[in-house]
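These notes concern the structure reproduced below.
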Number of protein chains: 2
Amino acid sequence: MAQARSMRADARRNRELLLEAAVEAFAAHGEGASLDDIAKRAGVGSGTLYRHFPTRQALLEAAYVDRIESIAERAGELAERLPPGEALVEWLNELGAGMLRIRGLRALLGAAVGDGGTECCDPLKSAVSRLVGAAREAGVLRRDVEPVDVLRLAHGVATASELAGGEGTQIRRYLELLMTGLRARGAP
Amino acid sequence: MAQARSMRADARRNRELLLEAAVEAFAAHGEGASLDDIAKRAGVGSGTLYRHFPTRQALLEAAYVDRIESIAERAGELAERLPPGEALVEWLNELGAGMLRIRGLRALLGAAVGDGGTECCDPLKSAVSRLVGAAREAGVLRRDVEPVDVLRLAHGVATASELAGGEGTQIRRYLELLMTGLRARGAP
DNA sequence: ACCTGAACACCGTTCAAGT
DNA sequence: ACCTGAACACCGTTCAAGT
């Protein structure tokens, strides 16, 4: 999907309007919000939505790409300020909070660590790889755990806290349980 | 929903046909299978489906109620044969395998430990309560973890392994990580 | 008392016609 | 090159008419 200057002015404007409407709609009605409704609220024909974003997944990705990048950037800041183990936990905590606050982000990460994975969550994968690498070298992480395992489990933990209905108080507890398991030496 | 003898013979038969079709459809197309299709395959009108099962959730529950009970019963057998900690892990492993094998069971447990909870998963809640209680008394489980936390985390772990696309090899690893965290003494 | 199936509303997706 | 919106297919849900 071309996103560059090469778009006609009205096309670029429509794309922007669609994204604004999408962010609003996903926040209000979850990741399953009506696409037709999004087009209507953006003031464009439904065909225009499909021209810009051929699938729901593509729209979700475009709507949240900047959030994903800002979460990924936090990894660097935390790595500077905290020891490796704590930096990883803290980052997972922020990632989890983001998944609870921004509806649809969890679905996006889920697809990324599954088989429907696109490149949109690559910044998160790079971030967790760096944090996991550092934690391993510091000896606070078992060596048989891959970065992608950590993302999957973080996704699972976010699911668990969403089920608990909490606003982020549960996720900290669950992450600490998980981290204790990750810290222990590998199974025989 | 009356399920007793009080139903007319044709009603009881239709109910049975609907359940068979539902189990098949959920297995083939996931928990979102078309209800209209289920009615057609059962050879009844769509209104009949709604008369027996007013919501998709009600149909899911009726379709899997016996599986749920048989998983719950396994808890007792395992508790007799194994020490408390191992019995809990083993049971969680079987529960997880069930969630991966039978599509829709995970959704059902998710609803049960969330706010949309009905009484259909109560056997599972009782089972985990007994196992957790025994493990606590044996001193192999931290005391600040509630049975419902364990179910939620098991649900999360099953989600994580489903994302991994495995057929039950990952879930064992993930459960062991989780169990290590559950075993450790409570946080300060 | 229960069943049927037409009818309605809603949503996703496509595409011919328009600028 | 891009947009529009009518058209189509599909699904969930209701309800008047039938037995």
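Values reported hereafter were calculated over all heavy atoms of this structure, with side chains retained and with hydrogens, waters and symmetry mates removed. This structure is a prediction, so every number in the text was calculated from the model and none was measured. First the proteins, then the strands, lettered A, B, ... as listed; each starts at 1.
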> Where does DNA chain C pair, written as one dot-bracket string 5' to 3', with Watson-Crick or G-U pairs under 3.5 Å, ( ) inside the strand, [ ] for crossing pairs and | for another strand?
Replying inline: ||.|||||...|||||.||
> Looking at residues at least two apart in the chain, or sitting in another chain, which of them share a side-chain hydrogen bond (donor to acceptor under 3.5 Å, both in side chains) with A/E77?
Replying inline: A/R74
> When you check every protein heavy atom under 4.0 Å of nucleotides 6-19 of chain C, what one-letter string (B, S, -) results, 5' to 3'?
Replying inline: B----SSBBB----
Just list the side-chain donor-acceptor pairs under 3.5 Å for residues 106-113 of chain A, sequence neighbours left out, or say none.
unit_1: A/R106; atom_1: NE; unit_2: A/T159; atom_2: OG1; d: 3.4
unit_1: A/R106; atom_1: NH1; unit_2: A/E162; atom_2: OE1; d: 3.1
unit_1: A/R106; atom_1: NH1; unit_2: A/E162; atom_2: OE2; d: 2.9

>> Going by salt bridge (Lys or Arg N to Asp or Glu O under 4.0 Å), name the residues that satisfy it together with B/R56, two or more places apart in sequence or in a different chain.
In response: none
Mind listing the side-chain donor-acceptor pairs of residues 39-46 of chain A below 3.5 Å, one per line with the distance, residues two or more places apart or on another chain?
unit_1: A/K40; atom_1: NZ; unit_2: A/D36; atom_2: OD2; d: 3.0
unit_1: A/R41; atom_1: NE; unit_2: A/D37; atom_2: OD2; d: 3.0

>> Distance check, rounded to the nearest 0.5 Å: B/C121 atom SG versus B/L151 atom CG?
In response: 8.5 Å
> Which whole-number value in Å describes the distance from B/H52 NE2 to C/dC2 P?
Replying inline: 8 Å
> Can you find a side chain N or O atom of A/N14 that sits less than 4.0 Å from OP1 or OP2 on D/dC3?
Replying inline: yes
>> Checking A/Y64 now: which residues fulfil side-chain hydrogen bond (donor to acceptor under 3.5 Å, both in side chains) with it, not counting sequence neighbours?
In response: none
>> In whole Å, I'd like the distance from the CG atom of A/L49 to the P atom of D/dC3.
In response: 11 Å
> What integer distance in Å separates B/R15:CZ from C/dC2:P?
Replying inline: 12 Å
>> So, using side-chain contact (heavy atoms from CB on, under 4.5 Å) as the criterion, who are the partners of B/A134 when residues are at least two apart?
In response: B/P84
>> Enumerate the salt bridge (charged side-chain N to carboxylate O under 4.0 Å, His left out) contacts for residues 16-31 of chain A, please, sequence neighbours excluded, ordered by first and then second residue.
In response: none
